[in-house]
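Since the structure comes first, as structure tokens, the remarks are kept for the end.
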Amino acid sequence: MSKGYMYILECSDGSFYTGSTKDIDKRMLEHEAGEGSNYTSKRLPVKLIYFEEFDETFTLQLSKKFSWACQFRRVLQRLIFRSNIEKDS
């Protein structure tokens, strides 16, 4: 069974990017060169904050779940920020 990696990057703007790959070292070089994804290329530099090795099928499923979790965190951060602005007004 082939192996794969699920990883999470922290972008320069504080947002997170999740992905999966068969070669974590190669993928990080691509991200750092601005060729990893459209999202990260606009938010350089990026920092690898988490990765884990899995069998490839599980990696893809887990990557999708982490992606939703990171998107949910951004939504919560915006709601908290807006709530604090309204309280200060």
Side-chain angles (χ1 to χ4, degrees):
M1 181 173 285
S2 62
K3 296 288 185 179
Y5 296 88
M6 187 286 303
Y7 62 95
I8 302 174
L9 304 177
E10 183 175 7
C11 301
S12 63
D13 65 358
S15 64
F16 297 98
Y17 175 87
T18 61
S20 60
T21 184
K22 292 181 181 180
D23 185 340
I24 192 75
D25 295 324
K26 179 182 175 191
R27 189 66 174 146
M28 283 307 302
L29 291 173
E30 291 170 348
H31 279 295
E32 291 166 357
E35 301 167 354
S37 77
N38 189 41
Y39 186 84
T40 59
S41 68
K42 297 175 183 175
R43 292 163 176 85
L44 294 173
V46 295
K47 178 180 167 185
L48 180 65
I49 59 171
Y50 179 81
F51 74 94
E52 195 162 340
E53 184 178 10
F54 295 98
D55 72 79
E56 189 176 2
T57 305
F58 185 70
T59 303
L60 296 175
Q61 294 169 356
L62 190 61
S63 179
K64 290 176 185 176
K65 289 180 184 179
F66 271 98
S67 178
W68 280 104
C70 289
Q71 290 175 20
F72 182 68
R73 180 174 186 236
R74 285 193 293 267
V75 169
L76 285 179
Q77 287 173 326
R78 288 184 194 132
L79 288 173
I80 292 167
F81 180 74
R82 287 182 187 160
S83 175
N84 288 336
I85 289 175
E86 290 171 6
K87 287 179 185 176
D88 292 340
S89 298

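Positions are given from 1 along the sequence.
Side-chain N or O atoms of R27 include none that pairs as donor or acceptor with a backbone N or O of S20 at under 3.5 Å. Within the 3.5 Å criterion, the main-chain N or O of I8 finds no donor-acceptor partner in the side chain of T18. Within the 3.5 Å criterion, the main-chain N or O of L44 finds a donor-acceptor partner in the side chain of S12.
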### Query
Where do I24 and Y7 land on the side chain to side chain contact (heavy atoms under 4.5 Å, CB included) test, with the steps shown first?
CA-CA 8 Å; I24 192 75; Y7 62 95; 3.7 Å; yes

### Stepwise side chain to side chain contact (heavy atoms under 4.5 Å, CB included) check, L9 with M28
CA-CA 9 Å; L9 304 177; M28 283 307 302; 3.5 Å; yes

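From K3, atom NZ reaches atom CG of D23 across 15.0 Å, with rounding to the nearest 0.5 Å. H31 NE2 to S37 OG: the interatomic distance, rounded to the nearest 0.5 Å, is 5.5 Å. Separation of atoms CD (E30) and CG (D25) is listed at 11.0 Å; rounding is to 0.5 Å.
No single ILVMFWY cluster, assembled from side-chain heavy atoms under 4.5 Å apart, contains both L29 and M6.
Taking each heavy atom of S41 and G34 in turn, the nearest pair found is CB-O, 3.2 Å.
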